[in-house]
Amino acid sequence: METQKTYAGIPEQYAGYDKSKVVLIPVPYDGTSTWGKGADKGPEAFLHASENMELYDIETNSEVYKQGIYLAKAVSENTSPDVMVSAVHDTVKNNIKRNKFVTLVGGEHSISIGAIRAFDECFEDLTVVQIDAHADLRKEYEGSKYNHACALFEANQNTNLIQVGIRSMDASEKLVMNEDQVFFAHELATDDYWMDNAIELMTDNVYITFDLDALDPSILPSTGTPEPGGLLWYETLEFLKKIFDEKNVVGFDIVELCPNKDDKSSDFATAKLYYKMLSYKFTEHDVDDENENLYALKGNGKTNPLKFTDDEYEG
């Protein structure tokens with residue numbers, strides 16, 4: 001894909017790397033998906049929709065783009081799943097070490113393996129919140145442990161994984177699943193406290209991986225494997241806002257947009273979701289303070305959550 005000049009067409013003064021607090025990394029990869037193809041076109045469709053989006057957020061009364069959002073060169077490595085994962089890992093970790101709030105847009109869900117690995121190497125006691133229709137806990141699928149069906153296996157082994165919205169899985173995945181930390185979709189409909197219960201299971205530092213098939217197909221049909229019975233828009237935003245309010249979200253990804261020429265609403269919903277998540281992250285901060293890193297690597301009243309030392313830190 002050809003990376004656009006700036007994210008959402010924002011002015012250059014808010015799009016340069018040095019002054020941007022946010023880095024957006026497109027990963028147009030679709031090497032292992034098994035049904036609906038086209039996730040490699042997701043980042044481009046997302047960026048195009050973003051250019052047609054209002055940049056003032058009513059709910060938070062903010063214009064989060066003024067924090068600075070740098071649109072990075074796309075990670076276009078596609079020779080093999082493992083090489084792609086390695087390229088994503090290296091790119092993400094390099095940006096974390098430069099004190100950026102790193103976000104990614106895919107691409108299929110396998111891109112999250114490299115991103116989560118990088119965040120886990122950099123942050124203490126990492127919680128991964130997976131919002132998804134599918135468990136994605138297979139150790140290997142179709143000859144690869146970097147298949148999209150394996151996207152959260154490594155996170156399940158190495159981090160505090162919390163899964164939300166799950167409504168499709170293989171029986172074998174129950175053998176490794178921590179069911180006490182899984183919020184199945186059919187249970188959410190009757191549990192008024194599921195959001196608070198999920199947040200209670202999280203550590204301070206949280207990475208969010210958002211597979212768009214978590215949303216109900218009635219509001220976002222353009223994804224690789226749409227599953228009925230998904231999350232709706234405002235309950236999703238309520239949950240995300242609670243996480244951002246109560247935890248130190250260190251980064252996030254959004255994956256599995258498969259654009260359809262007859263459905264622009266999915267592209268736009270993805271663009272709005274991304275911008276909402278940024279708005280929740282940075283709402284409480286002064287957009288004019290250039291010296292404060294709103295990523296809050298060492299902020300929010302917490303001790304330094306980074307695993308590497310100040311000497312290794314490049315920010």
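As the structure is a computational prediction, the values presented were derived from the model and not from experiment.
For the pair Gly106 and Ile111, the tightest heavy-atom approach, listed with the atom from each and the gap, is CA-CD1, 3.7 Å. Smallest separation of non-hydrogen atoms from Gly114 and Val88: C-CG1, 4.1 Å. Contact detail for Asp132 and His134: the closest heavy-atom pair is OD1-N, 2.9 Å. Closest approach of Glu256 to Thr223, counting heavy atoms only: O-OG1, 2.6 Å. Asn156 and Val176 make their closest contact through ND2-O, 2.8 Å (heavy atoms, listed as atom of the first residue, atom of the second, distance). Closest approach of Ser279 and Thr60 over heavy atoms only: CB-OG1, 3.8 Å.
With hydrogens and angles ignored, the 3.5 Å screen pairs a side-chain donor or acceptor of Glu235 with a backbone N or O of Leu232. Of the possible donor and acceptor atoms, none in the side chain of Lys276 sits under 3.5 Å from a partner among the backbone N and O of Leu237. Formation of a donor-acceptor pair under 3.5 Å by the Asp216 side chain with backbone atoms of Gly229 is found in this model. Judged purely by atom type and a 3.5 angstrom limit, Asp30 has no side-chain atom pairing as donor or acceptor with the backbone of Lys41. Under a 3.5 Å cut-off, the side chain of Thr209 and the backbone N or O of Ser112 do not form any donor-acceptor pair. Of the possible donor and acceptor atoms, one in the side chain of Lys281 sits under 3.5 Å from a partner among the backbone N and O of Val249. Judged by distance alone, the side chain of Arg167 and the main-chain N or O of His186 form no donor-acceptor pair under 3.5 Å. Between the side chain of Thr127 and the main chain of Thr203, a donor-acceptor pair closer than 3.5 Å is present. Side-chain atoms of Gln67 do not come within 3.5 Å of backbone N or O of Val22 as any donor-acceptor pair. In this structure a side-chain-to-backbone donor-acceptor pair under 3.5 Å is present from Tyr275 to Leu55.
Ionic pairing of Glu154 and Lys145 is not present here: no N-O contact between side-chain nitrogen and carboxylate oxygen is shorter than 4.0 angstrom.
Summarising the local packing, CD of Glu54 is surrounded by 12 or fewer heavy atoms from other residues, nucleotides or ligands at distances under 6.0 Å. For CD1 of Ile58, the number of neighbouring non-hydrogen atoms (other residues, nucleotides, ligands) closer than 6.0 Å is 12 at most.
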For this session: List the steps, then state whether salt bridge (Lys or Arg N to Asp or Glu O under 4.0 Å) holds for Lys242 with Asp196.
Result: CA-CA 8 Å; Lys242 282 177 176 286; Asp196 292 333; 3.4 Å; yes

For this session: Step by step, work out the side-chain contact (heavy atoms from CB on, under 4.5 Å) result for Leu152 and Ile116.
Result: CA-CA 9 Å; Leu152 276 299; Ile116 293 169; 3.9 Å; yes

Exercise. Given Gln13 and Lys19, is the side-chain contact (heavy atoms from CB on, under 4.5 Å) satisfied, shown in steps?
Worked result: CA-CA 8 Å; Gln13 70 187 94; Lys19 292 187 177 181; over 6 Å; no

For this session: Please assess Val128 against Leu161 for the test side-chain contact (heavy atoms from CB on, under 4.5 Å), listing each intermediate value before the final yes or no.
Result: CA-CA 5 Å; Val128 174; Leu161 177 64; 3.9 Å; yes

For this session: Could you give me the CA-CA distance, side-chain angles and deciding distance for Gln130 and Asp211, then say whether side-chain contact (heavy atoms from CB on, under 4.5 Å) is met?
Result: CA-CA 8 Å; Gln130 174 198 3; Asp211 188 326; over 6 Å; no

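In the model, Asp136 has a side-chain atom that pairs as donor or acceptor with a side-chain atom of His109 under 3.5 Å. In summary, the side chains of Thr225 and Glu227 do not present any donor paired with an acceptor at a separation below 3.5 Å, with no hydrogens or angles considered. With no hydrogens or angles considered, a side-chain donor-acceptor pair links Tyr207 and Asp253 at under 3.5 Å. Defined by atom type and a distance below 3.5 Å, a donor-acceptor pair is missing between the side-chain atoms of Asp267 and His48. A side-chain donor from one of Ser265 and Asp263 sits under 3.5 Å from a side-chain acceptor of the other. Counting only N and O atoms by type, the side chains of Asn160 and Gln181 include a donor and acceptor under 3.5 Å apart.
Taking the side chain as every heavy atom from C-beta outward, Ser110 and Pro81 never approach each other to under 4.5 Å. Residues Tyr14 and Val64 form no side-chain contact, since every pair of their non-hydrogen atoms from C-beta on lies 4.5 Å or further apart. Two residues are said to be in side-chain contact when any heavy atoms from C-beta on lie closer than 4.5 Å; Phe183 and Ile162 meet this criterion. The shortest side-chain heavy-atom distance between Glu59 and Lys241 falls under the 4.5 Å cut-off. Taking the side chain as every heavy atom from C-beta outward, Glu12 and Lys5 approach each other to under 4.5 Å. Proximity of Met169 to Phe184: side-chain heavy atoms (C-beta onward) are separated by under 4.5 Å at one or more points. Within the 4.5 Å cutoff, side-chain heavy atoms of Leu240 are placed close to those of Ile131. By the 4.5 Å heavy-atom criterion applied to side chains, Leu47 and Leu71 are counted as neighbours.
Using a 4.5 Å cut-off between side-chain heavy atoms of Ile, Leu, Val, Met, Phe, Trp and Tyr, with links allowed through other members, Phe46 and Ile219 fall into the same hydrophobic cluster. In the hydrophobic clustering of this structure, Leu175 does not group with Tyr141; members are Ile, Leu, Val, Met, Phe, Trp, Tyr whose side-chain heavy atoms approach within less than 4.5 Å, directly or through other members. When the side chains of ILVMFWY residues are joined at heavy-atom separations under 4.5 Å, either directly or via intervening members, Val164 and Tyr193 end up in two distinct hydrophobic clusters. Taking hydrophobic clusters as Ile, Leu, Val, Met, Phe, Trp and Tyr residues chained together by side-chain heavy-atom distances below 4.5 Å, Met53 shares a cluster with Ile69.
With rounding to the nearest 0.5 angstrom, the CG atom of Asn99 is 10.0 Å from the NZ atom of Lys21. In this structure, Asp170 CG and Leu137 CG are separated by 10.5 Å, a value rounded to the nearest 0.5 Å. In this structure, the separation between OH on Tyr70 and OG1 on Thr6 is 11.5 Å, given to the nearest 0.5 Å. Within the model, atoms CG of Leu273 and CZ of Phe210 stand 5.0 Å from one another, a figure rounded to the nearest 0.5 Å. Separation of atoms OG1 (Thr103) and CD1 (Ile208) is listed at 12.0 Å; rounding is to 0.5 Å. In this structure, Asp82 CG and Glu77 CD are separated by 9.0 Å, a value rounded to the nearest 0.5 Å.
Between Phe244 and Tyr280, the ring planes lie tilted relative to each other; the angle falls in the 30° to 60° range. Ring geometry for Phe282 versus Phe101: interplanar angle over 60°, hence perpendicular rather than tilted (30 to 60°).
Remark: Lys100 qualifies as a cation-pi partner of Tyr17 under the 6.0 Å distance and 45° angle criteria applied to the six-membered ring.
For the ring pair (Phe, Tyr, Trp, His ring centres under 6.0 Å) criterion with Tyr274, the lone passing option out of Phe268, Tyr65, Tyr7 is Tyr7.
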